[in-house]
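The structure under discussion appears below in the form of structure tokens.
This structure is a prediction, so every number in the text was calculated from the model and none was measured. By convention in this document, chain letters (A, B, ...) are assigned in the order of the sequence lines, proteins followed by strands, and residues within each chain are numbered from 1.
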2 protein chains.
Amino acid sequence: MKLSVTQENLSQALSAVSRVATNRSALPVLANVLLKTKKNRLLLVATNLEIAISQTVGAKVEQDGAITVPARLMHDYISSLPAGNISLEAEGSRLHIESGDYSSAVNGVSAEEFPSLPTIQEGQSFKLKALDFKKALQQTIFTASSEETRPILTGAFLHTFKNSLYLVATDSYRLAEKRLGQQKGDFSLVIPASALNDMLRIIGDGAGELSISYDEAQVRFNYDQTELITRQIDGEFPKYRQLIPKESDVSFSVDKEEFINITKVAALFARESAGSVNLETIEKEKAVSITAVASQVGENVSRASAKTKGSGKVSLNSRYLLEALNVIEGNNIKFRFGGKVSPCVLTSEEDSDYLHIIMPLKS
Amino acid sequence: MKLSVTQENLSQALSAVSRVATNRSALPVLANVLLKTKKNRLLLVATNLEIAISQTVGAKVEQDGAITVPARLMHDYISSLPAGNISLEAEGSRLHIESGDYSSAVNGVSAEEFPSLPTIQEGQSFKLKALDFKKALQQTIFTASSEETRPILTGAFLHTFKNSLYLVATDSYRLAEKRLGQQKGDFSLVIPASALNDMLRIIGDGAGELSISYDEAQVRFNYDQTELITRQIDGEFPKYRQLIPKESDVSFSVDKEEFINITKVAALFARESAGSVNLETIEKEKAVSITAVASQVGENVSRASAKTKGSGKVSLNSRYLLEALNVIEGNNIKFRFGGKVSPCVLTSEEDSDYLHIIMPLKS
């Protein structure tokens with residue numbers, strides 16, 4: 001293998017693919033990135049066996065070939081080099097890298113040891129605006145579970161319902177749902193949240209369209225020159241729609257920034273109770289108040305004026321509340337609940353395709 | 001105790017003093033900040049018994065008194081409140097805090113349990129420009145040792161020599177010295193680097209003058225409304241001047257940014273050898289090269305053009321080199337060394353009062 005590429009292109013491609021490489025695997029070659037000539041381009045691939053990310057960059061190929069080199073070192077090294085041409089030449093399992101005043105030979109591993117990549121059987125595909133999908137990811141996937149005890153909850157549920165596309169995640173304590181516009185077809189994909197976090201990084205500040213393809217077992221994302229293939233998570237996503245209360249006994253509307261401020265203050269007093277706070281509507285004062293639950297450091301009450309409907313009190317986790325408020329768009333939040341067991345529902349008129357649910361704490 | 005203060009003043013004072021409070025002491029009250037009326041002002045004090053920081057703020061005092069409250073909670077709470085007046089009222093060991101829609105009662109500890117503060121015997125004092133002192137701190141104190149095995153090296157050495165004031169720190173592997181202009185008197189103070197880090201934070205982006213007073217055992221810094229008193233470290237600071245070589249066999253001048261770049265790149269290849277790199281002057285090519293020592297990940301050579309004098313090679317820690325280059329001012333670095341045992345000396349014509357020494361590694 002012998003070729004030259006620009007530092008800018010190679011560095012960008014390594015940023016896109018190399019994060020998925022892992023040195024926590026029993027298979028050492030998974031810490032490496034595969035470099036392989038492909039016609040007049042250079043293909044870069046990294047995989048952790050669950051997710052594979054690949055990208056091609058334009059190259060001036062003098063001699064075809066392939067090699068794998070440590071992904072982290074390669075990424076850090078190439079991104080440290082000055083802009084301009086870089087020549088790459090494989091010699092056995094070593095890769096020589098030359099760029100102006102910088103010269104190096106990186107010890108690699110034969111490309112034959114790199115696992116073969118998953119492919120999509122001819123399946124269905126559809127397109128989305130990249131920035132819409134990015135926004136949906138930012139509003140939902142942080143609510144996916146990080147615990148492997150219920151694998152299905154470590155994924156996000158991309159599915160159609162009544163001719164609309166929805167992205168949903170939940171860890172069973174909270175749930176976020178975003179409607180992504182109209183969508184033909186009928187499908188239900190549960191995609192690892194880690195793969196979707198990689199997609200967030202890949203989309204970055206980019207515009208344009210994203211293409212999503214799927215078969216029985218895999219999902220493929222194509223964006224710009226980058227391709228990500230991930231396995232789907234087996235099993236059935238919880239039937240969450242039946243958990244969303246259509247109506248609630250108590251509701252209030254409040255300015256988002258004020259709601260964030262009073263929640264932050266209450267959270268300070270709730271540190272030793274894992275962030276539990278009590279939220280209460282005070283109808284006669286047209287206000288909502290928030291207090292830390294059973295705080296040993298002291299007592300605290302903070303209020304914000306609110307349009308209230310009904311009087312009630314609910315205990316919930318202040319971190320969950322703050323994380324929801326941080327992603328919901330618009331200046332005015334509608335919060336509704338109904339006693340100690342009915343879920344709390346957060347919505348915003350200015351972000352009408354988004355819904356966030358937090359389960360109350362038993363206090 | 002009953003008084004009112006502005007949120008802005010109280011928040012700023014808590015930022016200045018509360019970092020020194022500690023909950024890692026056997027004395028729980030040291031996690032608290034002392035609030036005490038003092039004529040028409042409010043005094044705030046925190047201490048870890050080695051360092052005490054205090055500040056007064058303007059207040060409208062209705063009733064004199066004192067109380068201590070948890071420093072971290074108080075700081076976080078007050079800084080979260082909106083601007084405006086805050087009323088504070090002690091009731092037994094509880095402090096009631098009222099501000100608009102926010103109301104709280106913090107559980108505190110009686111002021112009588114707070115340790116009495118160190119005072120300076122009538123001693124000497126002098127003044128410095130705050131920003132000059134801040135710059136000197138930034139350029140030197142990171143080289144102080146963090147290991148308690150040789151306590152004297154955990155301090156910085158503020159002393160006079162030939163009518164000039166110098167600030168010096170060393171961990172025995174590297175040393176930084178800054179001359180702070182002319183200074184009358186004859187003194188040698190070894191000040192805990194942790195106290196000087198607090199001073200860095202206290203000075204912030206401020207201008208104006210700083211006053212330093214000292215007696216046999218303590219040093220006091222007064223800046224704006226803030227006062228920091230610290231014990232001196234007992235013992236004699238190493239006689240470092242005799243270690244600085246007056247001349248070196250080999251030297252080169254190099255552009256600082258290029259030197260930083262080639263060092264960063266070499267450091268990537270030096271990860272498994274704790275950052276050891278070889279620096280070499282190549283006189284006939286008018287260049288300096290840098291390579292990782294005995295790297296298993298591969299080989300690397302990076303070069304920068306340089307004005308060289310003599311040929312030679314030296315091994316040193318790339319992290320130490322990068323940290324020195326990051327604080328030295330000016331665009332052009334002069335680096336001199338002399339074989340494997342003589343210290344490496346870094347200077348800059350544009351920063352002529354600063355000197356940085358790195359001991360070579362035995363390779």
Side-chain angles (χ1 to χ4, degrees), chain A residues 31-32 69-82 91 93-109 255 257-258 260-272 282 285 287-292 295-306, chain B residues 31-32 69-82 91 93-109 255 257-258 260-272 282 285 287-292 295-306:
Chain A
N32 285 14
V69 285
R72 182 178 161 208
L73 173 67
M74 189 69 181
H75 171 264
D76 293 348
Y77 180 58
I78 299 297
S79 65
S80 299
L81 293 180
E91 184 194 355
S93 63
R94 277 165 87 85
L95 179 68
H96 293 272
I97 306 167
E98 302 288 335
S99 160
D101 286 335
Y102 298 81
S103 170
S104 66
V106 173
N107 297 328
V109 170
D255 178 79
E257 289 308 315
E258 277 191 61
I260 289 175
N261 286 345
I262 65 173
T263 308
K264 274 186 185 167
V265 165
L268 296 176
F269 284 80
R271 277 178 185 151
E272 86 261 29
I282 312 166
E285 295 183 25
V288 56
S289 79
I290 186 163
T291 56
S295 174
Q296 285 166 34
V297 293
E299 288 154 24
N300 168 257
V301 187
S302 311
R303 280 154 200 252
S305 54
Chain B
N32 285 14
V69 285
R72 184 178 159 206
L73 173 67
M74 189 69 181
H75 171 263
D76 293 350
Y77 180 58
I78 299 297
S79 65
S80 300
L81 294 180
E91 184 194 353
S93 62
R94 277 166 87 85
L95 180 68
H96 293 272
I97 307 168
E98 301 288 336
S99 159
D101 286 335
Y102 299 82
S103 168
S104 65
V106 173
N107 297 329
V109 169
D255 178 78
E257 289 309 315
E258 279 192 60
I260 289 174
N261 286 345
I262 64 172
T263 306
K264 275 185 182 165
V265 165
L268 296 175
F269 285 79
R271 277 177 186 155
E272 86 261 31
I282 314 166
E285 294 183 23
V288 55
S289 79
I290 186 162
T291 56
S295 174
Q296 284 166 33
V297 293
E299 288 155 25
N300 167 259
V301 187
S302 309
R303 279 155 202 252
S305 54

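- In this structure, no portion of A/Ile97 lies under 4.5 Å from any heavy atom of chain B.
- Heavy-atom neighbours of A/Arg271 CZ from other residues, nucleotides or ligands within 6.0 Å: above the threshold of 12.
- Across A/Glu299, A/Arg303, A/Gln296, A/Arg94, the residue that shares the most heavy-atom pairs under 4.5 angstrom with chain B is A/Glu299.
- Note that OH of A/Tyr102 and CG of B/Asn300 are 9.5 Å apart. Values are rounded to the nearest 0.5 Å.
- Here B/Glu91 pairs with B/His96 under the side-chain contact (heavy atoms from CB on, under 4.5 Å) rule; sequence neighbours left out.
- With rounding to the nearest 0.5 angstrom, the CG atom of A/Leu81 is 7.5 Å from the OG atom of B/Ser302.
- When all heavy atoms of B/Val265 and A/Ser80 are compared, the closest pair comes out as CG2-CB, 3.6 Å.
- Residue B/Ile262 touches chain A through both its backbone and its side chain, counting heavy-atom pairs closer than 4.5 Å.
- Each of B/Ala304, B/Ala105, B/Ala266 has some count of heavy-atom pairs under 4.5 Å with chain A, and the biggest count is that of B/Ala105.
- The distance from the CG atom of B/Leu268 to the CD1 atom of A/Ile78 is 10.5 Å, given to the nearest 0.5 Å.
- By number of non-hydrogen pairs under 4.5 angstrom with chain B, the leading residue of A/Leu95, A/Val106, A/Val69 is A/Val106.
- The side-chain contact (heavy atoms from CB on, under 4.5 Å) check on B/Thr291 picks up B/Asn278, B/Val301, with sequence neighbours excluded.
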